[in-house]
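Side chains are part of it too, since the values below use all heavy atoms of this structure and drop only hydrogens, waters and symmetry mates. Please read these numbers as outputs of a predicted model, since none were measured by experiment.
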Amino acid sequence: MKGRPLMPFAITAIVGILLMVSLSFVGLNQRAEMNADGEGAEEVEEFEDPIAEGQVLAEQSCIACHGGDLSGGAGPGLTSLEGAYTVEEIVDIIQNGQGSMPATGLNDVEADAVAQYLLSISE
């Protein structure tokens, strides 16, 4: 032990790395099985008032980049989208990103609600 003081730490590090890698593979395998079985799939319900829900989601997801009133900030303004984009195009941009905008992770119903809200506030 006196000649190799770092050996116990090296062994512990190697065992820890191997444990993390093996647990990662186990988790990936379980996730693949869940997706194949249909378990873990979220059932998405429509909103009663998609425009109101879209406003809430936009306030949570969009104002950081597009400004508090959505007229622009780090990202472009979102208050004049009517005629420039359809609901489907806006949903695609929300879910997949465009240019420097990343994908948001909103599901179809949420993205559709945000798109409807954005078109409803268009000037």
Side-chain angles (χ1 to χ4, degrees):
M1 234 8 219
K2 291 182 181 182
R4 298 178 188 223
L6 294 179
M7 188 58 92
F9 297 110
I11 292 172
T12 303
I14 291 171
V15 169
I17 290 170
L18 291 174
L19 184 63
M20 286 186 343
V21 169
S22 63
L23 290 176
S24 296
F25 283 116
V26 169
L28 287 173
N29 187 34
Q30 287 178 346
R31 183 175 186 171
E33 287 176 6
M34 285 177 51
N35 288 339
D37 294 341
E39 293 177 23
E42 294 182 24
E43 194 166 311
V44 180
E45 294 183 23
E46 298 289 325
F47 294 123
E48 280 186 37
D49 185 0
I51 293 176
E53 292 295 330
Q55 180 179 5
V56 171
L57 290 166
E59 289 171 354
Q60 294 171 351
S61 303
C62 306
I63 63 171
C65 296
H66 296 282
D69 59 357
L70 301 176
S71 63
L78 301 176
T79 57
S80 57
L81 298 179
E82 189 171 17
Y85 294 99
T86 65
V87 170
E88 292 79 17
E89 291 170 329
I90 296 171
V91 168
D92 182 60
I93 293 169
I94 290 170
Q95 291 184 318
N96 301 313
Q98 181 177 347
S100 62
M101 179 180 159
T104 62
L106 296 179
N107 65 39
D108 292 340
V109 174
E110 294 168 333
D112 185 69
V114 172
Q116 289 185 45
Y117 167 69
L118 294 175
L119 291 176
S120 75
I121 63 167
S122 287
E123 300 169 348

Quiz item: Is the shortest heavy-atom distance from the side chain of Val87 to the side chain of Leu119 under 4.5 Å?
Solution: yes

Quiz item: From Leu78 CG over to Ile90 CD1, what is the distance, rounded to the nearest 0.5 angstrom?
Solution: 8.5 Å

Quiz item: What do you reckon, is CZ of Phe47 surrounded by more than 12 foreign heavy atoms closer than 6.0 Å?
Solution: yes

Quiz item: If Ile, Leu, Val, Met, Phe, Trp and Tyr residues are connected whenever their side-chain heavy atoms lie under 4.5 Å apart, and connections chain through other members, are Val15 and Leu6 in the same group?
Solution: no

Quiz prompt | Contact summary for Val91 and Ala115, nearest pair of heavy atoms | solution = CG2-CB, 3.9 Å

Quiz item: Is a donor on one side and an acceptor on the other found under 3.5 Å between the side chain of His66 and the backbone of Gly72?
Solution: no

Quiz prompt | Interatomic spacing from CG in Leu81 to OG in Ser120 - rounded to 0.5 Å | solution = 10.5 Å

Quiz item: What distance do Leu118 atom CG and Gln55 atom CD have between them, rounded to the nearest 0.5 Å?
Solution: 10.5 Å

Practice problem: State the CD1-CG distance between Ile14 and Leu19, to the nearest 0.5 angstrom. | Solution: 13.5 Å

Practice problem: Find the distance between CG (Asp112) and CG (Leu57) and round it off to the nearest 0.5 Å. | Solution: 11.0 Å

Quiz item: Closest approach of Met101 and Ile93, non-hydrogen atoms and distance?
Solution: CE-O, 3.8 Å

Quiz prompt | CD-CD distance between Gln98 and Glu89, expressed to the nearest 0.5 angstrom | solution = 9.0 Å

Self-check item: Expected output: side-chain Gln95 to main-chain Leu106 donor-acceptor under 3.5 Å
Solution: yes

Practice problem: List the atom of Pro50, the atom of Gln116, and the distance in Å for their closest heavy-atom pair. | Solution: CG-OE1, 3.7 Å

Self-check item: Heavy-atom donor-acceptor pair, Thr104 side chain to Ile94 backbone, under 3.5 Å
Solution: yes

